[in-house]
Amino acid sequence: FDLNMMKNVSVIKTAIQILVVCVFASCLFLVYLPVRNEPKPIPIYQTTSFLYLIQTEGCLPPNLTTKEALGNGNLDFHVLVLSYVNSCDDRSLSHVEYIFDASTTWTTGRNLLFTIAMERNIPYLYYIFMDDDATVVDIRTNAVAWRVFEGFLQSMEPAVMALDVLAQDYSEEVIQFHKVKRCFMNELEYVSGLWYDAMVNAFHYKAVKHLLPYNSVFDNQTWWASQMGVIIRTEILFRGQLVLHRYIRCRGSQHRPYPRDFAFTPNMFRQFTKGLDVHVAPRCVSKCAQFMIDLWIKLGHGHGRNSSTLCLPAPHPHDPIEPCRYQCSLL
C-alpha cells in the first residue's frame, strides 16, 4: 500500500513539474511574442463626408428636419447651425450643433461658420454652405434629391459644386454658350461653369481654404458682393473645376430684406482679387492670373458673360484639385 502511495505521489509531482514548466514556457512565449498593432476603430466622425453650414433665425425649419433632408442622424453628414435671432435649445438631433450670434450679416455669418468648421479636427470631404429655405430637388422627377446630390459629390469630387435655383439656368447658359461659340460640346448631365448662386455651395476640403472666407467689405452696400468675390476667386484659382448640374437644383421659399445694390465698380473687383498670392501656390501668381484679374477689373460682368472659362470641358471624376490647373488654357 505504501509503495503504491509513493508511486502515486511521484506521478503527481511529475505532473505538477510538467505543468509548471508549461506555464513558464507559455509566459515566456507571451513576453517575447511580437506585439501586433491592431488597427484602432475609426471614430464615426472620420467617415463623415459632409458638413452642412446653415444660418437661420432660431432652430432649423421643417423643410430641413425631415428624414429626406437633414433630419436623419444615421447618414453621412453633420450640421452646424448659426442662429441669429433666437438661440435654439432643441437637442433632439444629435448630429446637429447650434451656435448663436445676433450680430452677423449673411456674409459674416457664413464666415463665422467657416471659422468654426476649420477649427474642428474633423476631415470632412465637403463643406456645404446653404440658406435655410433651400430644398434640393431633381427637376426630372420633381423629387427631393439630397442623397442624389451627396452621391454625385462623392462620385465626382469637383473643387466646387453649386446648385442652380429653379428660377435660374446658369448651367443651360453654359450649354448655349458652347453652341454659340462652337467650343467644347457634351451631352453630360453637368457642365463646368463660372457664375453660381449662393443658395447651396459645396466646397471640397482641398479648395475651401483658397476661396473663403467671404469678403465683407461691401456688406453695407450689398450682400451680393461677397458671393461675387467668391465667384471671381473660383474662376481665377479653379477655372474648369466648378460643376453645375443640369438637373439637380434647389428651390427657395422666401426672400428676406437685405442690402442689394448691384452697382459694382472696378474698386470692388480689385478688392475681390486682393491677396490671391498669399493663399495659393507661387505658380498661380503669373501673367495669366494677372490677365484674368485685369479683365474682371476692366470688364466686370461683361467678362463673366463672355469668359473663355465657359468653354472649358466639364471635369472628369476625381480630377486633381489644384489651384490654377487650367490657368493659361483658352485665354
Side-chain angles (χ1 to χ4, degrees), residues 43-46 48-136 144 146 149-150 162-163 165 197-203 205 208-209 211-227 229-230 250-260:
I44 186 65
Y45 65 76
Q46 290 191 349
T48 303
S49 296
F50 310 108
L51 177 63
Y52 285 91
L53 303 114
I54 305 167
Q55 302 179 73
T56 191
E57 281 94 341
C59 299
L60 282 178
N63 63 297
L64 296 180
T65 55
T66 65
K67 296 294 185 182
E68 294 77 17
L70 304 181
N72 190 341
N74 296 319
L75 297 180
D76 198 19
F77 58 81
H78 293 157
V79 184
L80 179 61
V81 182
L82 168 61
S83 305
Y84 57 85
V85 176
N86 302 302
S87 60
C88 180
D89 298 323
D90 183 1
R91 297 297 181 266
S92 60
L93 299 175
S94 60
H95 63 294
V96 178
E97 178 184 345
Y98 286 92
I99 58 174
F100 176 76
D101 190 326
S103 64
T104 57
T105 64
W106 181 91
T107 304
T108 60
R110 283 205 173 185
N111 283 345
L112 177 58
L113 290 168
F114 168 71
T115 299
I116 293 173
M118 293 300 102
E119 290 173 349
R120 290 183 165 194
N121 189 26
I122 302 178
Y124 297 107
L125 181 64
Y126 279 95
Y127 297 85
I128 304 175
F129 290 81
M130 57 174 288
D131 294 343
D132 64 342
D133 60 328
T135 297
V136 180
V144 174
W146 294 88
F149 168 50
E150 294 163 358
L163 299 187
V165 297
D197 192 88
M199 182 170 283
V200 180
N201 294 171
F203 299 99
Y205 76 94
V208 67
K209 290 185 179 180
L211 299 174
L212 301 186
Y214 293 83
N215 190 315
S216 61
V217 171
F218 303 104
D219 262 14
N220 62 329
Q221 299 175 47
T222 174
W223 287 7
W224 287 338
S226 55
Q227 179 67 11
V230 174
C250 61
R251 61 170 178 249
S253 59
Q254 59 182 316
H255 288 282
R256 299 177 177 91
Y258 58 85
R260 55 180 79 191

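This is a predicted model, so every value here is computed, not measured.
Between the CH2 atom of Trp146 and the CZ atom of Phe77 there is a distance of 9.0 Å, given to the nearest 0.5 Å. Taking OH from Tyr98 and CG from Leu93, the interatomic distance works out to 6.5 Å, rounded to the nearest 0.5 Å.
Shown here are the side chain to side chain donor-acceptor pair (under 3.5 Å) partners of Asn201, two or more places apart in sequence or in another chain: Gln227. Remark: Phe149 pairs with no residue by the ring pair (Phe, Tyr, Trp, His ring centres under 6.0 Å) rule, at least two apart or across chains. Scored by the salt bridge (Lys or Arg N to Asp or Glu O under 4.0 Å) test, Glu68 finds no partners at all (sequence neighbours excluded).
Under the ring pair (Phe, Tyr, Trp, His ring centres under 6.0 Å) rule, His78 has a single partner from Tyr124, Tyr126, Tyr127, Tyr52, which is Tyr124.
Applying the salt bridge (charged side-chain N to carboxylate O under 4.0 Å, His left out) definition to pairs two or more places apart or across chains, those involving residues 111-130 are Glu97-Arg120. Applying the disulfide (SG to SG under 2.5 Å) test to every pair with at least one member in residues 51-104, sequence neighbours left out, gives these pairs: Cys59-Cys88.
A pairwise comparison of heavy atoms in Pro61 and Thr56 identifies CD-OG1, 3.9 Å as the closest pair. Residues Asp132 and Leu64 come closest through the heavy atom pair O-CD1, 3.6 Å.
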Can I get a per-line list of side-chain donor-acceptor pairs under 3.5 Å for residues 107-116, giving both atom names and the distance, sequence neighbours left out?
{"residue": "Thr107", "atom": "OG1", "partner": "Asp219", "partner atom": "OD1", "Å": "2.9"}
{"residue": "Thr107", "atom": "OG1", "partner": "Asp219", "partner atom": "OD2", "Å": "3.3"}
{"residue": "Thr107", "atom": "OG1", "partner": "Ser226", "partner atom": "OG", "Å": "2.8"}
{"residue": "Thr108", "atom": "OG1", "partner": "Thr105", "partner atom": "N", "Å": "2.7"}
{"residue": "Thr108", "atom": "OG1", "partner": "Thr105", "partner atom": "OG1", "Å": "3.1"}
{"residue": "Arg110", "atom": "NH1", "partner": "Ala198", "partner atom": "O", "Å": "3.2"}
{"residue": "Arg110", "atom": "NH1", "partner": "Tyr214", "partner atom": "OH", "Å": "3.1"}
{"residue": "Arg110", "atom": "NH2", "partner": "Asp131", "partner atom": "OD1", "Å": "3.1"}
{"residue": "Arg110", "atom": "NH2", "partner": "Ala198", "partner atom": "O", "Å": "2.8"}
{"residue": "Asn111", "atom": "OD1", "partner": "Tyr214", "partner atom": "N", "Å": "2.7"}
{"residue": "Asn111", "atom": "ND2", "partner": "Tyr214", "partner atom": "O", "Å": "3.0"}
{"residue": "Thr115", "atom": "OG1", "partner": "Asn111", "partner atom": "O", "Å": "3.0"}

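Within the 4.5 Å cutoff, side-chain heavy atoms of Val79 are placed close to those of Ile54.
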